[in-house]
Amino acid sequence: MSLTARAERGAVHLGTLAVGATGPAVVIGGAGADARWVSLRDHHGRVPAAEALAGVRAQWAGPVLVEPFSSADLAEIAAGADGVVVGADWMQDFRLVRAVAGLGLPVLVQRGPAATLEEWLAIGDYCVAEGNDQVVLCESGSRVRAAAGRTGGAAAPPARPADTVLDLALMREARERSGRPVMAWLGDDPALAAAAVAAGADGLLLAPDAAPETAAAAQEAVTVIGAVTRREEPDSVLAARGAVDRVDAALAVLLERRAELAGTIQRLKPVGGFAGRDMDRERRLVAAMARRAPALGEAGLAPVMNAVIEAGLRLAEERRAARRD
Ligand SMILES: C=C(O[C@@H]1C=C(C(=O)O)C=C[C@H]1O)C(=O)O
């Protein structure tokens with residue numbers, strides 16, 4: 001079975017950002033993300049939505065989502081945000097969810113830490129019943145541990161990984177059952193970014209103030225792991241070049257790793273470097289690769305792999321010479 005899943009969600013547009021389209025997964029969170037968000041619950045309702053939005057807009061021209069504190073925030077959110085976050089801690093506040101859905105903005109529904117798949121999907125259907133089908137589902141973890149060292153106040157979304165465990169199987173099932181784009185909440189910890197992308201996440205949700213390094217690590221997973229596991233279907237030169245750039249990023253990571261491993265073999269073989277070249281082994285590895293790259297085939301792969309192998313051997317010989325100096 002192929003690892004590559006076809007991306008075929010009904011896309012949801014957060015301003016200019018398409019979530020669940022045939023392009024790459026998106027990152028929403030702090031600096032370095034594709035979109036930002038702000039939670040008014042972090043401020044316990046003391047900061048008006050318009051003020052919070054203005055604060056983000058002053059430093060960021062892209063899409064902005066807002067999690068309301070109460071229904072009093074909704075008019076200002078409707079006037080200035082590109083989407084609304086239904087937080088994990090109040091996913092089942094039906095009155096507020098209904099009012100949020102009624103704004104007509106895209107809604108990102110975080111799964112409550114004890115909510116079942118059915119309860120979570122029902123919130124999406126609830127939005128649809130309000131005439132809003134612009135729904136993204138965000139798996140946000142189940143509470144499975146004591147809330148040790150939990151920070152951010154009782155109203156803050158659960159901070160991974162302190163007390164919650166992300167359920168990527170549930171996220172994947174939500175995607176299959178609902179046909180909606182799905183995301184994974186990573187908070188400030190990018191450790192599961194690669195796993196989430198590989199499990200089919202259409203996006204990664206980071207903490208609103210996630211460190212730039214967290215956003216960078218999430219983007220790297222979207223790029224490299226996405227290139228391997230997510231089949232993009234670009235329909236323009238620009239989009240196709242973006243997709244090629246992601247595949248090249250993955251190739252670069254693998255080529256560097258391959259050169260290291262081939263270098264290890266040169267050091268361990270009785271005769272390493274160009275002098276110990278084993279053309280039979282090279283032909284066999286090209287044949288094995290051709291089974292995964294049938295369109296290129298052995299004829300297409302052989303010159304590519306010859307160049308790759310020679311680059312590795314040159315690097316190994318340079319390093320050997322440097323060790324001798
Ligand atoms: C790494 C080796 O040395 C050389 C380099 C190879 C490679 O980069 O894959 C393959 C065969 C040899 O010509 C090896 O013998 O396995």
Side-chain angles (χ1 to χ4, degrees), residues 1-7 22-25 27 32 168 172 184 190-201 204 213-234 237-325:
M1 200 186 85
S2 167
L3 271 176
T4 308
R6 256 179 69 107
T22 58
V27 179
L168 295 176
R172 196 179 171 85
L192 289 181
V197 170
L204 306 174
E213 304 79 58
T214 305
Q219 293 284 18
E220 187 66 2
V222 163
T223 301
V224 173
I225 305 303
V228 179
T229 59
R230 192 178 171 91
R231 183 179 294 276
E232 294 191 33
E233 287 165 5
V237 171
L238 193 70
R241 283 185 172 164
V244 162
D245 288 347
R246 284 181 280 281
V247 169
D248 286 346
L251 276 174
V253 168
L254 292 176
L255 285 170
E256 185 83 351
R257 186 161 302 170
R258 188 191 197 287
E260 289 298 335
L261 292 168
T264 300
I265 297 174
Q266 303 322 313
R267 288 198 303 278
L268 297 175
K269 279 197 329 192
V271 182
F274 282 92
R277 212 162 166 183
D278 178 347
M279 300 313 285
D280 197 45
R281 160 79 184 150
E282 292 184 22
R283 265 189 297 278
R284 277 185 280 117
L285 71 82
V286 165
M289 288 176 76
R291 290 198 283 277
R292 290 194 171 84
L296 287 169
E298 289 186 40
L301 287 169
V304 174
M305 291 314 297
N306 187 61
V308 167
I309 289 167
E310 288 187 351
L313 292 173
R314 265 194 304 278
L315 178 65
E317 296 210 335
E318 277 164 27
R319 287 188 169 172
R320 193 176 52 161
R323 277 197 303 276
R324 286 225 197 83
D325 288 345

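Both ligands and their constituent atoms are indexed starting at 1 by order of listing. Predicted model, so just to flag it, every value in this text is computed and none were measured.
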Taking 4.0 Å as the limit for heavy-atom contacts, which would you say applies to Glu282 with ligand 1: side chain only, backbone only, both, or neither?
side chain
Nearest protein heavy-atom contact for atom 6 (C) of ligand 1: which residue, which atom, what distance?
Ile309 CG2, 3.9 Å
Which atoms of ligand 1 have any heavy atom of Arg258 under 4.0 Å away?
7 (C), 8 (O), 9 (O)
Report yes if the side chains of Glu310 and Arg277 come closer than 4.5 Å at any heavy-atom pair, otherwise no.
yes
Validation row: Glu282, Asp278 side chains within 4.5 angstrom (heavy atoms):
no
Give a yes or no on whether the backbone of Val27 and the side-chain of Gln219 come within a donor-acceptor separation of less than 3.5 Å.
no
Would you say Ile309 and Arg258 make side-chain contact, with heavy atoms under 4.5 Å?
yes
Counting from 1, what ligand 1 atoms have a heavy atom of Gln266 closer than 4.0 Å?
1 (C), 2 (C), 3 (O), 4 (C), 5 (C)
Could you check whether any side-chain heavy atom of Arg230 comes within less than 4.5 Å of a side-chain heavy atom of Pro24, counting everything from C-beta outward?
no
The atoms of ligand 1 lying under 4.0 Å from a heavy atom of Arg281, numbered in the order shown, are 10 (C), 11 (C), 16 (O)
With only distance considered, is Lys269 within less than 3.5 Å of ligand 1 through an N or O on each side?
yes
Checking heavy atoms under 4.0 Å, the part of Met279 that sits near ligand 1 is neither
Which of the atoms in ligand 1, numbered in the order shown and given with their element, are less than 4.0 Å from a heavy-atom of Ile265?
1 (C), 2 (C), 14 (C), 15 (O), 16 (O)
List ligand 1 atoms under 4.0 Å from Ala262, heavy atoms only on the residue side.
8 (O)
Identify every side-chain donor-acceptor pair in residues 286-296 under 3.5 Å, counting partners at least two apart or on other chains, and give the distances.
none

Considering the heavy atoms of Leu285, write down every atom of ligand 1 situated less than 4.0 Å from one of them.
9 (O)
For Gln266, check side-chain hydrogen bond (donor to acceptor under 3.5 Å, both in side chains) against everything at least two apart and list the hits.
none
Considering only the protein, which heavy-atom contact is closest to atom 12 (C) of ligand 1, and what is its distance?
Asp278 N, 3.5 Å
To the nearest 0.5 Å, what is the distance between CZ on Arg246 and CG on Leu251?
13.5 Å
